[in-house]
Amino acid sequence: MNKEKIAEIFEKISELLEIKGDNLFKIRAYLNASRVISQFPGNIEDAVLKGEMSKIPGIGKDIASKIEELVKTGRLIYYEELKKSVPEGIFELLKLRGLGPKKTKILYEKLGIKNIADLKTALEDKKLLYLDGFGEKTVSNLTESIKEYNNFKERYLYPEAQLEAGLIISYLLEAAGSLISNIEIAGSLRRKLETVGDIDIVIASKSSAIAEVFLKYDKIAHIESNGDTKISIVLENGMRVDLRIVPPEDYIYALHHFTGSKLHNEELRSREKKHGYKINEYGIYKTEYNKIIVADEKDFYNVFNMQFIPPELREGAGEIEEALKHDIPELINIKDIRGVFHVHTSYTDGKESLEEMVKTALELGFEYIGITDHSVSAPYAHGLSADELNSEIEHIDRLNKQYEGKITILKGIESDILENGDLDYGNETLSKLDFVIASVHSRFNMHKEDMTARIMKAIKNPYTTMLGHLTGRLLLERKEYEVNISAVIDTLSEYKTIVELNANPKRLDIDWRYIKEAISKSVMLSINPDAHNKKGFDVIEYGVNAARKGWTTKNDVLNTYGINEVLNKIKTIREYKLNKSV
DNA sequence: GCCGTTTTCGGCCCGACTGTTTTCAGTCG
Ligand SMILES: Nc1nc2c(ncn2[C@H]2C[C@H](O)[C@@H](COP(=O)(O)OP(=O)(O)OP(=O)(O)O)O2)c(=O)[nH]1
Ligand SMILES: [Mg+2]
Ligand SMILES: [Mg+2]
Ligand SMILES: [Zn+2]
C-alpha cells in the first residue's frame, strides 16, 4: 500500500464524515492527515515499522494505527464500515461545483439521489424545487455544473495553463495596463505544480474598473461568481480562472495568500497566531490596528524570523520549520544546466538528424549533449541493432572531431530494461558507450515485486549510468506502473547510479515528492529533456521546476557540472559497479 | 482527531460570494 492510496482513503474518510455531519475539526484532521501522508518524504512502510508515524505533525495515535492497519493488512475496517452507509456515487456528486456535503446529504436522504446520473434525472423532472434550500438558481447552477463535469478536465498540465495564463495577463495589460500596478500568477501555477486545477491571478489596482475589463475577455464561456474582489470564470476550453483584485498596498499579502498552498497558509497562520499575529490576504496584524508593512515576500517571512520560502516549496511539507532554522538551501536554477542527456535522433524515433540536434544544443549554449536513441527491443521506435548502434557511434566520433572545442557529444543509448532485468545489448557493445540510460518501455502491468526486482537488476548492471523515467507515468493519461520506489532509491544509492528526472511535462518522473528521499540517500539526479526534436530541449524548464519542488540544489544534479567532471562521474559509476560485481 | 515553551482541555486559518434563510448557512478559495 503506497502513500498515494493511503492518502486517498483518508481523504474519502473525511468526505464520508462530512456527509455524516461529524465534527468539522475531526473532518479537517483526516483531510490534513491525507495531505501530510501524500507529502511524506520517505518510505511509509519503514516509518510504520519503526513506529514513527505519530511523530509526524498531523498524525496522532489514532490515525497512525489506521495507517499501520492499511500497511499491514491492505484494508481498513473503519473505512469499510463507514463506506457501507453511503453509496459510492456520492464521491462524484461531491465533485460538482456548488454541491457540498450538506446538500448532497439532503439529495440522498430526501430524493434517494445516489450519483450524478440520478441527479440529472431529478433536475430534468424538476424534483429539487420541492426541497428546502433548493431554488431556481440552485437548479440551473447544478445543471451547469454537471455539464462542466462531463465536458471538462479536472486538472491541466502545467504548460497548458502557463500558456493560457500568459494570454490573459497580456490581454489585461494591453486593455487596461494603466489600471494595473501589479499582476502575477499565483496558486499552484506559481508553485510550479505539475498539474493545476485552475489559473489563479492576483492584480493590484486602485480601480475596480479592472474587473469589467477582465469580464470582457472574449474567451470567457461562463461566469461562476463575480464579487468585489474575487471573480471566478470558466474559459471556453473548460479551464477555470480565479482573479483576485486588491488595492496596491495589500498586494504582497494577497499574493502570498493566493499563492498558497492552503496547507502552507494554514500552518503559517496557526503557528503565528500563537505568537500574537493575525495573517490574512490584506495584511499581517500584531494588534487589530497595527498592520505590519512589508515591501516584498522576503520581508513578509522576515516578520516571523523566517527565511524567504520560494513558492515551489510552499506545500506544507516542512518548509516552515526549515525557514525558521534558516536551513532552506539555494535551489537549482535553469541557468545552472550546462549540458543535456537523453536526446533522440532520426536514427530512431527522433524527428531531426543527429547533427541537427547537436547544432541545436550548441545554439542553446550547452557544453555537452548525450545522445540516446532507442535500443533493439523497441521496434515501435525503430530500435537500433548492435550494428546500427555502431554506425551511430562512429558518426558521433566524426562529429566530435568536427565540433571540437564547441560541444562534446557523448555516446549513449536508452536501453530497454527487458522483462528479466537485462539490458538490450551485450557488454561488448555497451562498453563502447560513454553512458547508458536504462528505461522500462514494456510489460507495464507486472506485479509490483517483479517490477521492482526487474528495475533493481537493471540498476545493478555496471553499464547502467542512470535509470530513465522511474515510474513510466504520463500525467493525466496513464498511471505509473507499480514499483517499490523506496526500494529502487535504496538500490540506486547502493550502486551509485543516477536517477533521471525526465523533464517532459507529461512525465516529470521521478516525481518531486521522492526527490528529497533520493537526495538524502546521496542519489544524484540528471534533468533530462528526452528530446525528440529541436523544441524538445525547451522542456528542461519544467524539469528544473520539479527539481526545485523536490528541494534540489545545483550540486545534486549531474548536468550542472562541466564536461570533465561529468565524464569523471559517469566513468566512476561504471568502475565502481564493475569492481563491486567481481 | 490533533496538539501543547500561556499544555491534557479546549481550542483548531481566515475570508469571499451566493442564494433564499429575512439574518446566514453552504460552498469555495
Ligand atoms: N488561507 C487559506 N487559503 C486558501 C484556502 N484555500 C485556498 N487558499 C489559497 C491558497 C491557494 O493556493 C489559493 C488558490 O486556491 P486553489 O483552490 O486554486 O488552489 P491551488 O491553486 O493551490 O491548487 P489547484 O491546482 O488550483 O487545485 O488560495 C484556505 O482554505 N485557506
Ligand atoms: Mg489554483
Ligand atoms: Mg483557484
Ligand atoms: Zn527517451
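Every chain is numbered from 1, with letters handed out A, B, ... down the list of sequences.
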Where the side chain of [X] is defined as all heavy atoms beyond and including C-beta, which of [options] is the nearest nucleotide?
X	options	value
A:N226	B:dC2, B:dC3, B:dT18	B:dT18
A:D198	B:dC17, B:dG15, B:dG29	B:dG29
A:I63	B:dT27, B:dC2, B:dC17	B:dC2
A:N23	B:dT27, B:dG1, B:dC17	B:dG1
A:K102	B:dG26, B:dA16, B:dC2	B:dG26
A:K278	B:dC14, B:dA16, B:dG1	B:dC14
A:P101	B:dG1, B:dA16, B:dT27	B:dT27

Looking only at side chains, do [X] and [Y] share a donor and an acceptor under 3.5 Å apart?
X	Y	result
A:E272	A:H275	yes
A:E160	A:N237	no
A:T553	A:D556	yes

A:S232: what forms a side chain to side chain donor-acceptor pair (under 3.5 Å) with it, not counting sequence neighbours?
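In terms of side chain to side chain donor-acceptor pair (under 3.5 Å), with neighbours along the sequence ignored, A:S232 is linked to A:D242.
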Expressed as a whole number of Å, how far does the [atom1] atom of [N] sit from that of [M]?
N	M	atom1	value
B:dT23	B:dT18	C1'	15 Å
B:dC14	B:dC9	P	25 Å
B:dT8	B:dC3	C1'	9 Å
B:dT20	B:dT27	C1'	15 Å
B:dT5	B:dC12	P	15 Å

So, is [X] near the phosphate of [N], with a side-chain N or O under 4.0 Å from OP1 or OP2?
X	N	value
A:T229	B:dC17	yes
A:Y282	B:dA16	yes
A:K137	B:dT27	no
A:T138	B:dT20	yes
A:K273	B:dC14	yes

Nearest-Å distance for atom pair [atom1]/[atom2], residues [X] and [N]:
X	N	atom1	atom2	answer
A:L243	B:dC17	CG	P	11 Å
A:R35	B:dC2	CZ	P	17 Å
A:H256	B:dG15	NE2	C1'	16 Å
A:E136	B:dT18	CD	P	18 Å
A:K230	B:dC28	NZ	P	11 Å
A:R271	B:dT6	CZ	P	12 Å
A:I56	B:dG1	CD1	P	18 Å
A:L17	B:dC2	CG	P	12 Å

Salt bridge (charged side-chain N to carboxylate O under 4.0 Å, His left out) with A:E281: which residues, sequence neighbours excluded?
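Partners of A:E281 by the salt bridge (charged side-chain N to carboxylate O under 4.0 Å, His left out) criterion, ordered by chain and then number, come out as A:R244.
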Classify the nucleic acid contact of [X] as base, sugar-phosphate or nothing, counting any heavy atom under 4.0 Å across all strands shown.
X	answer
A:L131	nothing
A:L99	sugar-phosphate
A:E267	nothing
A:L96	sugar-phosphate
A:D132	nothing
A:N265	nothing
A:N32	nothing
A:K262	base
A:F25	base
A:L24	nothing
A:L268	nothing

For A:D228 and for A:K55, locate the closest nucleotide of DNA chain B by heavy-atom distance; then report the residue assigned to the nucleotide nearer the 5' terminus.
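That would be A:K55.
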Between A:E224 and A:K274, who's closer to the 5' end of DNA chain B by nearest nucleotide?
->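 Closer to the 5' end of DNA chain B: A:K274.
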**OP:** Could you please name the partner base of B:dA16, counting Watson-Crick and G-U wobble pairs only when both distances are under 3.5 Å?
**Re:**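 Here B:dA16 is engaged in a pair, and the nucleotide opposite it is B:dT27.
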- In Å and rounded to the nearest 0.5 Å, what is the CD1 to OG distance from A:I519 to A:S493?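 A:I519 atom CD1 to A:S493 atom OG measures 12.5 Å (nearest 0.5 Å).
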_Row check, A:Y149 ring normal vs A:K95 NZ/CZ: under 6.0 Å, within 45°_ =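 Because its charged atom misses either the 6.0 Å distance or the 45° angle limit, A:K95 does not stack over A:Y149.
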Checklist entry - A:F258 ring centre to A:K230 NZ or CZ under 6.0 Å, with the angle to the axis within 45°? => result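 The answer is no; the distance or angle limit is not met.
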